[in-house]
A.B. asks: 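So that we are looking at the same thing, I have put the structure below in structure tokens.
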Protein chains: 4
Amino acid sequence: MNELGNIFKVVSFGESHGHSVGCVILGCPAGLKLNFDKIQQAVNRRKTNQQAYSSQRKESDSVEMISGIFDGMTSGAPICILIKNENAQPSDYDELKDIFRPGHADYSYYEKYGIRDHRGGGRSSIRITAPLVAAGEIANQLLLHSFKYENTTYVSQIGKVQMPELQNISNAMIEDSPLRCPHQETTKQMSTQIEQAKEQGDTLGGAISCRIKNMPPGIGEPIFGKLQAQLAHAMMSINTVKCFEYGEGKQSAIMNGSEHNDPFIYGEEKVKTITNHHGGILGGISTGMDINFRVYFKPISSIRQEQKTINTHFSEAKIQIGGRHDVCAVPRAVPIVEAYTHITLADLYLHQKLSKNL
Amino acid sequence: MNELGNIFKVVSFGESHGHSVGCVILGCPAGLKLNFDKIQQAVNRRKTNQQAYSSQRKESDSVEMISGIFDGMTSGAPICILIKNENAQPSDYDELKDIFRPGHADYSYYEKYGIRDHRGGGRSSIRITAPLVAAGEIANQLLLHSFKYENTTYVSQIGKVQMPELQNISNAMIEDSPLRCPHQETTKQMSTQIEQAKEQGDTLGGAISCRIKNMPPGIGEPIFGKLQAQLAHAMMSINTVKCFEYGEGKQSAIMNGSEHNDPFIYGEEKVKTITNHHGGILGGISTGMDINFRVYFKPISSIRQEQKTINTHFSEAKIQIGGRHDVCAVPRAVPIVEAYTHITLADLYLHQKLSKNL
Amino acid sequence: MNELGNIFKVVSFGESHGHSVGCVILGCPAGLKLNFDKIQQAVNRRKTNQQAYSSQRKESDSVEMISGIFDGMTSGAPICILIKNENAQPSDYDELKDIFRPGHADYSYYEKYGIRDHRGGGRSSIRITAPLVAAGEIANQLLLHSFKYENTTYVSQIGKVQMPELQNISNAMIEDSPLRCPHQETTKQMSTQIEQAKEQGDTLGGAISCRIKNMPPGIGEPIFGKLQAQLAHAMMSINTVKCFEYGEGKQSAIMNGSEHNDPFIYGEEKVKTITNHHGGILGGISTGMDINFRVYFKPISSIRQEQKTINTHFSEAKIQIGGRHDVCAVPRAVPIVEAYTHITLADLYLHQKLSKNL
Amino acid sequence: MNELGNIFKVVSFGESHGHSVGCVILGCPAGLKLNFDKIQQAVNRRKTNQQAYSSQRKESDSVEMISGIFDGMTSGAPICILIKNENAQPSDYDELKDIFRPGHADYSYYEKYGIRDHRGGGRSSIRITAPLVAAGEIANQLLLHSFKYENTTYVSQIGKVQMPELQNISNAMIEDSPLRCPHQETTKQMSTQIEQAKEQGDTLGGAISCRIKNMPPGIGEPIFGKLQAQLAHAMMSINTVKCFEYGEGKQSAIMNGSEHNDPFIYGEEKVKTITNHHGGILGGISTGMDINFRVYFKPISSIRQEQKTINTHFSEAKIQIGGRHDVCAVPRAVPIVEAYTHITLADLYLHQKLSKNL
């Protein structure tokens, strides 16, 4: 339950305000030459304090890979990744010790375990994804080594502002935007909206879109190992995600079969479909067409406005959350969506090596 | 990958036109008195030929439980469930042998395995869910034995027709509708729409909603074992499902935090929230409030209209699917959504027995 | 816990006197052409009533493969194997209903589950291995397809009679012996001893030896996936096995390092060791030298002599077991040891495909 | 494959001469008050340099628990344990870089992964068990919290010197002996033998015995989850172990059924057997009688005598191992055998909570 993947498997550990957050990667094949700079860069992209509307906690998020590497390559042994918590200020959270914050996991964790680590959300903090982003970058390098894997993941909605459909999106366009939205005009509108919410002490949700190019056909497993099921599992594991859809998604419910079916054709020495309503996956298995999916986030729960709630003695209480928090977490979630996608695809890619070719 | 659940785990096997479809349940505790009639009834609800707009394949779908039962109770041993394929007509599918049907898993399975069982979709057929529905009913009986579990699952949309929000929905209301929609007026509109699609040789998608009452708080596991992640995994494993959302779902992306946060209160000797935007789950763990989620289905791919596609030699081909197929599969998917929900919850319910209470 | 293997995984189900015994094989690659006659033959070798000193239960043990096969080949889908219980005579066991038989699992199952299927041992019967032997033969065919796999498994001890060391042992020699001992003189002594035990209403234990030739180096996983650990797990899962050893085994404890170390040499275009005290495995991974191990069985518990024990009301009771039982189960265990070895090696062989060769 | 256990599961990582060795414990219930001193003491018992005949590597082996602990209790989150490698001298191993040491995992790892971490055995070093011993002590504390668990594990043989059978063995008697043998006279003989081997630059094997008292009946799972199968798996995972036996073990093969069967009786308000040839386990499940098993170790492979072998270019080579190595590793393996036993039993104990008691 703290694990993502089956063959390429990542085991998560650590808490927001403990010693470290970390993970162990099992099942990464030996002999993969790693680009360590890119691993650190991936993690840096997730960091707080990247821009005005982000949380103020300052962490260097320096990635330590303490096992499984030899001569710059994966050795086949488990890869343990550690990121120390340097700027942990558990005392910031003392006033939260006895209160159940609305929208947070405080109450449900309390019911689950009987005890609760109140310091910055403990295990339920999004900070635990930092080492998973590093693991995702290793999965990315494995995929890049194996085929012409192309993944573009970007913010397509913040609050009520949605990006128009764009045909060609590059990672450069995404990085050009402080909000990781590859459309300049939309970025401006999103920024304005974030400023407004900030003034009101309020927070915003949004959406992230992901497109994968050059996926070989045949990746994904039938029944409960379907590519979309594994992706949905991974994405719905991200805090505050409330909806996952792929291909035409929710919209497909109002389409007719004659509209939605994508005819197969053969051209450029491969099988393709003329349209791509199916989103690159049929029967849970990749078709070779672009995979695309979208993930929707609720607004984050730590608002600055005073809220009513109850404390651990079940008495009424008021809470005004200070601390250091984002107005909108969606841009920072881009590297997380990417990382979980890389891990899911690397895992299913390795599975496929065992499906035939005796 | 053919398995659902971890402790209460169901292993699926069988093909649409082989000897049988079946499954094995592992991890069901001993001593559960089973109601076998209800198991057969659950499976019957999924059967074809229930109404005019359903497929014409006639199967008795008689459930055989060939292990794991002693004196009418679960014995703690694996429970193997078999449902024979009696009306399999593999020759119906001879003309499909060399063709890749649009929207179907024909091509992706072929790429995956190098070979393909073309007979009625083989392993990718929705028929493989029949024994899983039986397994789901056993999970249901386990949950009902454990607490006042209430699950209402119903069709809330077919094509463009959507049901209005209803406060109180009973399983009787759902069963009263031939389309499993608890709103009479909507049912009529849906029926009209299905008739139209049928005339056009076309097919329809739709949506299923699920509400769970009386869920104890504390169920679900952190990180990758989140209740919504496990539910999404299960639901996205159902053929033709393209979207999963819970709580406010996709809509939550345009809400502010101050709107979306549900204040905790204490009343009637338990912790509740005033509103329930969160959909009964916080931090991946149940809060005790009603759980609700929705699942969206694309229109099924077997349309009667002639379609262009290619054959296994990659040459252009035309296809007109005869055989026995539904216009809209959504009503028949209700017992599948239920069953997968029961299994997921039973599994997580058993997990919770090990979280504390040393 | 009802599963053997990780990638090539076999899930067991069924009871001795229920409808069937069976299993499901997950993870067998697609495209393996199966020899079905050999599968049935493997199962037949395990059957009762093969010779005077075997149990009298008559079963045809006809293997049905009800899924996962298409055109005589594995399709990549789960393979369900069923063997019906035709000669089940549950009433034979009525008098055992309320008694805890010495040496049997009656009492420990009762404590575990609160209920007990007393009919022929239910789930604890050795009969549940019949379909696993079929699964093992599929694993065998997978290994034979992949390399020049040679496995000779034979009875090397019955009671106090031990076979001398033999250099060359063929499967023909093993099958020539009614006791599956490749040494004629020893077979005679073993037979005499079995006759004596039979006259006394007593039972005998013994040992089985297994040698594997042509194993490629590199098979087995470090730490808890060691080849010897997986083999030991599989072998100790066989009813009545009390000891597992490989290489020099127990004897190695009294050897010096200078005696036990096997020097590496290079010859015939491969790395070898001059001696093979290590038994073909170093660090949990195959070296390419012959793998050899031995498994020791206690005498079976169903003796014909009257025994004292207690009943389920904890009162003293006497028991005289009638029914149809072996004097010595070791010869019949040969196909089981083989099958579990095949499954373990096929699983680890597939694992190795993912260790390197990115 | 780097994991031990299913519910209470320990994931191992780290190499002998890397940054750290460590592990992550998953599935430990929340609310267990930990005694940290005892955890450090357990690890200290495994350390080198405890006595003249041990390796000279000096490590403080200071246990860091960097997650999963809150207020001195387990929080239900994964517990990551780190032990830094402080005295790693990778250069000690430079001369081994291109050589395949006899009896070591050098060659088989090389074949498996294509690359090899030669520094002190890398992943195949026994040093990776240090954090697992800490994990074992947590499992021990879980068991001690749950029932009157008593585990005595001791050296019963070194080389040719075997300890006589003793009825009553306490942990104090074991700790009194520098060799962890609870029999003074035997300890002396063992010491003499070790001194002789040391003079000859040779090494010794031996055996460890384990007895468990007060085990509740019903622990262990049928078929492939048998208590003895899980114990054998764990024990055969320890480097240099060549044989596992329980109850009468290898000896049982020469006993008659009438001799070996243990009659059940009822006394002192519980079910017992008069004798205990079965070793506390029937049908893979504990009976409540004492569990006992024995594990046999080959002599360690790093001898000081010059040895012939080949190098990585497959040319003949001579090797004389310097470095810092034990003459006999068996006394230091006692805490490892203990730890793996604790983990296996804690895991199966938690499983049993789900077998009945709906």
Side-chain angles (χ1 to χ4, degrees), chain B residues 1-3 7 9-33 64-85 90 97 109-119 122-125 128 131, chain C residues 1-3 7 9-33 64-85 90 97 109-119 122-125 128 131:
Chain B
M1 296 304 201
N2 291 284
E3 300 165 329
I7 288 177
K9 180 159 75 171
V10 184
V11 182
S12 161
F13 62 84
E15 290 92 28
S16 174
H17 286 70
H19 172 287
S20 297
V21 285
C23 67
V24 181
I25 305 173
L26 304 171
C28 185
L32 180 67
K33 192 103 201 155
E64 292 180 74
M65 299 177 65
I66 67 175
S67 67
I69 311 292
F70 185 70
D71 263 354
M73 279 189 292
T74 57
S75 71
I79 301 167
C80 180
I81 296 173
L82 275 192
I83 294 179
K84 294 225 175 71
N85 292 323
K97 197 178 167 183
Y109 266 64
Y110 169 79
E111 283 286 352
K112 181 162 202 69
Y113 295 117
I115 57 175
R116 169 166 76 95
D117 180 353
H118 64 281
R119 302 161 308 172
R123 185 75 179 136
S124 69
S125 165
I128 67 108
Chain C
M1 298 303 202
N2 290 284
E3 301 165 328
I7 289 178
K9 180 159 74 171
V10 184
V11 182
S12 161
F13 63 85
E15 290 92 27
S16 174
H17 287 69
H19 172 285
S20 297
V21 285
C23 67
V24 181
I25 305 173
L26 304 170
C28 185
L32 180 68
K33 193 100 203 158
E64 292 180 75
M65 299 177 65
I66 67 173
S67 67
I69 311 290
F70 185 70
D71 265 352
M73 278 188 294
T74 57
S75 70
I79 301 166
C80 181
I81 295 172
L82 276 192
I83 295 178
K84 295 223 175 71
N85 292 323
K97 200 177 166 183
Y109 266 65
Y110 170 78
E111 283 286 352
K112 180 160 203 67
Y113 295 118
I115 57 175
R116 169 166 75 95
D117 180 354
H118 64 280
R119 303 160 308 170
R123 185 72 180 138
S124 70
S125 165
I128 69 108

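Quick note on labels: first sequence line is chain A, next is B, and so on, each numbered from 1. Values reported hereafter were calculated over all heavy atoms of this structure, with side chains retained and with hydrogens, waters and symmetry mates removed.
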A.B. asks: Taking all non-hydrogen atoms of both residues into account, name the closest pair between C/Ile115 and B/Gly31 and its distance.
C.D. replies: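 Heavy atoms of C/Ile115 and B/Gly31 come nearest at CD1-N, 4.3 Å.
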
A.B. asks: What pairs of residues pass the salt bridge (Lys or Arg N to Asp or Glu O under 4.0 Å) test when at least one of them lies in residues 9-19 of chain C, not counting sequence neighbours?
C.D. replies: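 Matches after skipping sequence neighbours: B/Glu3-C/Lys9, C/Glu3-C/Lys9.
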
A.B. asks: Suppose the criterion is side chain to side chain donor-acceptor pair (under 3.5 Å): which pairs have a residue in residues 69-84 of chain B, not counting sequence neighbours?
C.D. replies: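 Listed by first then second residue: B/Glu64-B/Lys84.
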
A.B. asks: So how far is it from C/Ile128 CD1 to B/Ser67 OG, rounded to the nearest 0.5 Å?
C.D. replies: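 Separation between the atoms: 11.0 Å.
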
A.B. asks: Can you sort out the partners of B/Phe13 under ring-ring contact (aromatic ring centres under 6.0 Å, His included), two or more places apart, ordered by chain and number?
C.D. replies: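 For B/Phe13, no residue satisfies ring-ring contact (aromatic ring centres under 6.0 Å, His included) once neighbours in sequence are set aside.
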
A.B. asks: What option among B/Cys80, B/Ala30, B/Pro78 has the most heavy-atom pairs under 4.5 Å with chain C?
C.D. replies: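 Highest number of heavy-atom pairs under 4.5 Å: B/Pro78.
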
A.B. asks: Any residues in residues 20-28 of chain C near chain B, with a heavy-atom distance under 4.5 Å, and which are they?
C.D. replies: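 Listed by number: C/Ser20, C/Val24, C/Leu26.
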
A.B. asks: Hey, which of C/Pro29, C/Ser12, C/Gly76 has the most heavy atom pairs under 4.5 Å with chain B?
C.D. replies: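 Greatest number of close heavy-atom pairs with chain B: C/Gly76.
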
A.B. asks: Could you look at C/Leu82 and say if it's the side chain, the backbone, both or neither that has a heavy atom under 4.5 Å from chain B?
C.D. replies: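 For C/Leu82, the contact with chain B is made by the side chain alone.
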
A.B. asks: Does any heavy atom of chain C fall under 4.5 Å from the side chain of B/Met73, the backbone, both, or neither of them?
C.D. replies: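 It is the side chain, since no backbone atom gets that close.
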
